[in-house]
2 protein chains.
Amino acid sequence: MPVTIRDVARQARVSVSTVSRAISAPDLVRADTRERVLEVVRGLGYQPNPAARSLITGRTGNLGIVVPDLGNPFFPSVLLGVQARARESGNSVFFCDSGQDAVTEEELIRTMARQVDGVVVCASALDDETLAELSTLTTMVLVNRALPGVPSVLMDSAAGMAAVVEHLAALGHRHCAYLNGPVRAWSNQFRRTGLREAACRTGVSLHELGPYEPTFQGGARGVDAALAAGVTAIIAYNDLMALGVLARLAELAVAVPERISVTGFDDIPYAAMCGRPLTTVTMPAELAGRAAVELLLEQLDNADRVTRSPIRELPTALVIRATTAPPAGPARL
Amino acid sequence: MPVTIRDVARQARVSVSTVSRAISAPDLVRADTRERVLEVVRGLGYQPNPAARSLITGRTGNLGIVVPDLGNPFFPSVLLGVQARARESGNSVFFCDSGQDAVTEEELIRTMARQVDGVVVCASALDDETLAELSTLTTMVLVNRALPGVPSVLMDSAAGMAAVVEHLAALGHRHCAYLNGPVRAWSNQFRRTGLREAACRTGVSLHELGPYEPTFQGGARGVDAALAAGVTAIIAYNDLMALGVLARLAELAVAVPERISVTGFDDIPYAAMCGRPLTTVTMPAELAGRAAVELLLEQLDNADRVTRSPIRELPTALVIRATTAPPAGPARL
DNA sequence: CTGAAAGCGCTAACAT
DNA sequence: ATGTTAGCGCTTTCAG
C-alpha cells in the first residue's frame with residue numbers, strides 16, 4: 001500500500017491541506033512547517049497520486065503524440081523533442097503510432113483525448129472535417145499540417161523543395177522526375193507547390209510520377225519510370241524513398257551522381273551515413289517537437305482566452321552531399 | 001464540461017451503479033436495461049473518466065517504456081511492438097528516453113512508476129541494486145538485461161555473435177577486431193561472451209578494442225585502431241557502429257569486403273538500405289516489445305501469486321549480406 | 001437485477 | 001498560517 005497524504009500529515013503533525021500546500025504552493029506555508037513536512041515527505045518517499053490530483057484539478061499532467069510511422073526516423077526525432085520539452089514542464093507523454101491509417105489515427109486520438117491535457121498530431125492522414133471535430137475533444141497542435149483554428153508547427157518544405165530545384169538547375173539539369181509521396185498528404189502537396197513554382201521559374205521540366213509509398217520500397221519502385229522518362233535527376237518525396245532509389249539504381253548499375261542525380265527530403269540520420277551521402281533537405285524535427293509542446297503549453301495556459309491559431313514556421317535548408325552533380329546526358333535503361 | 005456517468009444515468013433512468021455495471025460487467029445487468037444504457041452512452045458519447053476509475057480500482061490502464069536512445073532505430077521497433085500489444089489489451093503507453101544516462105533513467109522510472117501499472121525497461125544503464133530497488137515500485141519487465149527476480153526478454157546475442165565468428169572463420173579470417181560498445185552494458189558483455197567462446201573454438205584471434213560510443217561516430221572512431229592491429233575483419237558491437245566503420249573505411253579507401261570484412265548487430269532497417277548492405281545479426285525487436293508487454297500482463301494478472309521470474313529468450317539470426325568475404329591478407333594503413 | 005451510499009487520494013474553498 | 005470540509009467521477013459493497 002503506497003503512502004498517502006494522510007500518512008505524511010499524521011507524521012508531520014499537520015493537516016492534509018498543509019501537506020498539499022507544502023507541495024504545490026510552498027509559499028503559502030511557514031518556512032519551518034514546510035521544512036518539517038517536506039522532511040517527512042522525503043523520509044516516507046511520498047509521491048502524490050496523480051489520478052486523485054487529476055480528478056480534482058482537471059489536469060492530467062500528460063501530453064500525447066500521434067505519429068504515422070515510427071519506422072521513419074524523422075518521427076523518433078520529433079518524439080525526442082516532444083519528450084524533452086514535456087519533461088522540462090513536468091509533463092509525461094503518451095505515444096501512439098497510427099501506421100498511416102486514418103481510421104486507427106482517429107481512434108487513437110479519441111482514446112488519448114480522455115487522458116491527456118493536449119495532443120500533438122504529426123502528419124495527419126485525416127481529412128479536415130474529422131480533424132476539426134477531434135480538435136474539439138482536447139487541446140491539439142498539428143505538425144506538418146495546417147488547419148484553420150488549430151495551431152500548428154510547419155516546416156517550410158516548399159522553400160526546401162525550391163532550393164533543391166534551384167540547386168539542380170544550377171548544376172545544369174533540365175529534366176527532373178518527382179517521385180510523389182502520398183498524394184493526399186498535406187506535406188506532399190506543399191512540397192509539390194515549391195517544386196512546381198521553382199521548376200517553372202528555372203525552366204526545368206518536371207515529370208511527376210507516383211504516388212508511391214513513402215518508404216524504401218516505394219522509392220525503389222519509382223526508379224524505372226523515372227529512367228524511362230529520360231530525366232537526369234530524381235527528386236524523391238523523402239529520404240527513405242531516396243535511399244530506395246539509390247539501391248535500385250545501384251542494382252541497375254546506373255552511376256550516381258555521374259549518370260543521374262538523386263535528392264531526398266528530411267535529412268534523416270542515415271542520409272549522411274549511407275555509402276553515398278545523400279543530398280537532401282534538412283528538417284528540424286526535434287525542434288518541431290519542442291515547438292509543438294510549446295504551443296500546447298501556451299494553449300493550456302490561455303485556457304479561456306481567445307484562441308488564435310498560431311502557426312510556427314520552422315526553416316528548412318538544403319544539404320548538398322554526394323548524390324548530385326552536373327548531368328551527363330539523359331540516362332536511359 | 002464532459003459528460004459524466006450521472007448524465008448517462010439520468011437520461012437512461014437508472015442509477016449510476018447500473019451504468020457502471022453495464023460498462024464494466026455487462027452480464028450483471030438485464031439485457032434490455034443494458035441496451036438502453038449503452039444506447040445513451042453512445043448517444044452522449046460518454047467515456048468514463050480514467051482518473052476516477054483508476055483512483056478506485058488502483059489500475060491506470062497505462063504501461064510505460066523507457067529506452068536509452070530513440071535515435072537507435074532498434075528502439076523505435078521495440079516501441080512499436082510494445083504499443084501494438086498494449087493496444088490489443090486496452091492499455092496506453094507512456095514513453096521515455098533516458099539518453100543513456102543512468103541518473104535520468106532512474107528518475108524517469110520513478111516518475112512513471114506512479115502512473116502506470118507496469119514498465120518495460122530496455123537496455124538499462126542502471127546497476128543491479130538500483131534496478132532491483134526500482135523494481136519494487138511497480139511491475140517491471142526488462143529487455144536485454146537480466147536480473148534475478150525480474151522477468152525479462154532476452155535475445156540470444158551470444159549465439160548471434162558466435163554465428164558471426166563462425167561465418168568469418170569459415171570464410172578464412174584468422175584475425176578479427178571487436179569494437180566494444182559500452183563495457184558496463186549487459187548486452188555488450190553478453191555479446192562478448194559468445195564472441196570469445198566462438199573465437200576460441202574456431203581458433204581466430206580476437207583483438208578487443210574500445211569501448212566506443214554505440215553510435216555511428218563511435219564506430220568510425222574505432223577503425224584506425226582495428227587497421228593498426230592488422231585484422232582482416234571488424235566486428236562491431238552494433239549496426240550503427242558498423243555503419244560508421246564502413247564510412248571511415250570508405251574515407252580511407254579501404255575496400256569492403258575485399259580488403260576487410262565488417263559485421264554489425266541488430267539488423268536495423270538501414271543495414272539493408274545502405275550502399276553496401278551489411279552482414280549483421282537480426283534481432284526480433286518488435287517481437288521483443290510484444291513479449292515484454294505479455295510478461296507485464298501476466299504479472300499484472302497474477303498480482304499476488306508467487307512471482308517467478310520468467311525469462312523469454314528470443315532467437316537471433318545471422319544475415320549474410322555484402323560486407324563479408326574471404327580475407328585478402330592483412331589490411332594495413 | 002438494481003439502487004443507495006461509502007469512499008479512492010487529493011485539492012480548494014471556506015473558516016479560524 | 002493552518003485546519004475543516006466538501007467534493008472530483010467512478011466502482012463496489014451492501015441492501016433490497
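These figures come from a predicted structure and were not determined experimentally. Reckoned from all heavy atoms, side chains included, excluding hydrogens, waters and symmetry mates. Here is how names work: the chains are called A, B, and so on, in the same order as the sequence lines, proteins then strands, and each is numbered from 1.
- When each of dG9(D), dG3(D), dT2(C) is scored by its nearest atom to the side-chain atoms of Val29(B), the top-ranked nucleotide is dT2(C).
- Atom CZ of Arg34(A) and atom C1' of dT2(D) are 14 Å apart (whole Å).
- A sub-4.0 Å separation between OP1 or OP2 of dA12(C) and a side-chain N or O of Thr57(A) is absent.
- Arg59(B) has its CZ atom 20 Å from the C1' atom of dG9(D), to the nearest Å.
- Donor-acceptor pairing under 3.5 Å is recorded for the side chains of Thr130(B) and Asp127(B).
- Protein atom CG of Asn49(B) is 14 Å distant from nucleotide atom C1' of dG9(C), rounded to whole Å.
- A donor and an acceptor atom never sit less than 3.5 Å apart when one is taken from the side chain of Ser24(A) and the other from the base of dT11(C).
- Checking dC10(D), dC10(C), dT2(D) against the side-chain heavy atoms of Arg30(A) singles out dT2(D) as nearest.
- One finds the OG1 atom of Thr138(B) at 10.5 Å from the CE atom of Met112(B) (value rounded to the nearest 0.5 Å).
- When each of Val16(A) and Arg36(A) is assigned the nucleotide of DNA chain D with its nearest heavy atom, Arg36(A) is the one assigned upstream, toward the 5' end.
- Following rounding to the nearest Å, Ile23(A) (CD1) and dC10(C) (C1') show an atom-to-atom distance of 10 Å.
- For dA1(D), the base has no donor-acceptor partner in the side chain of Thr18(A) [N/O atoms by modelled type, under 3.5 angstrom].
- For Ile56(A) and dT11(C), the CD1 to C1' distance is 4 Å, given to the nearest whole Å.
- The pair Glu298(A)-Arg312(A) meets the salt-bridge criterion, with a side-chain N (NZ, NE, NH1 or NH2) lying under 4.0 Å from an Asp/Glu carboxylate O.
- Phosphate proximity of dT2(D) to Thr33(A): present, with a side-chain N or O under 4.0 Å from OP1 or OP2.
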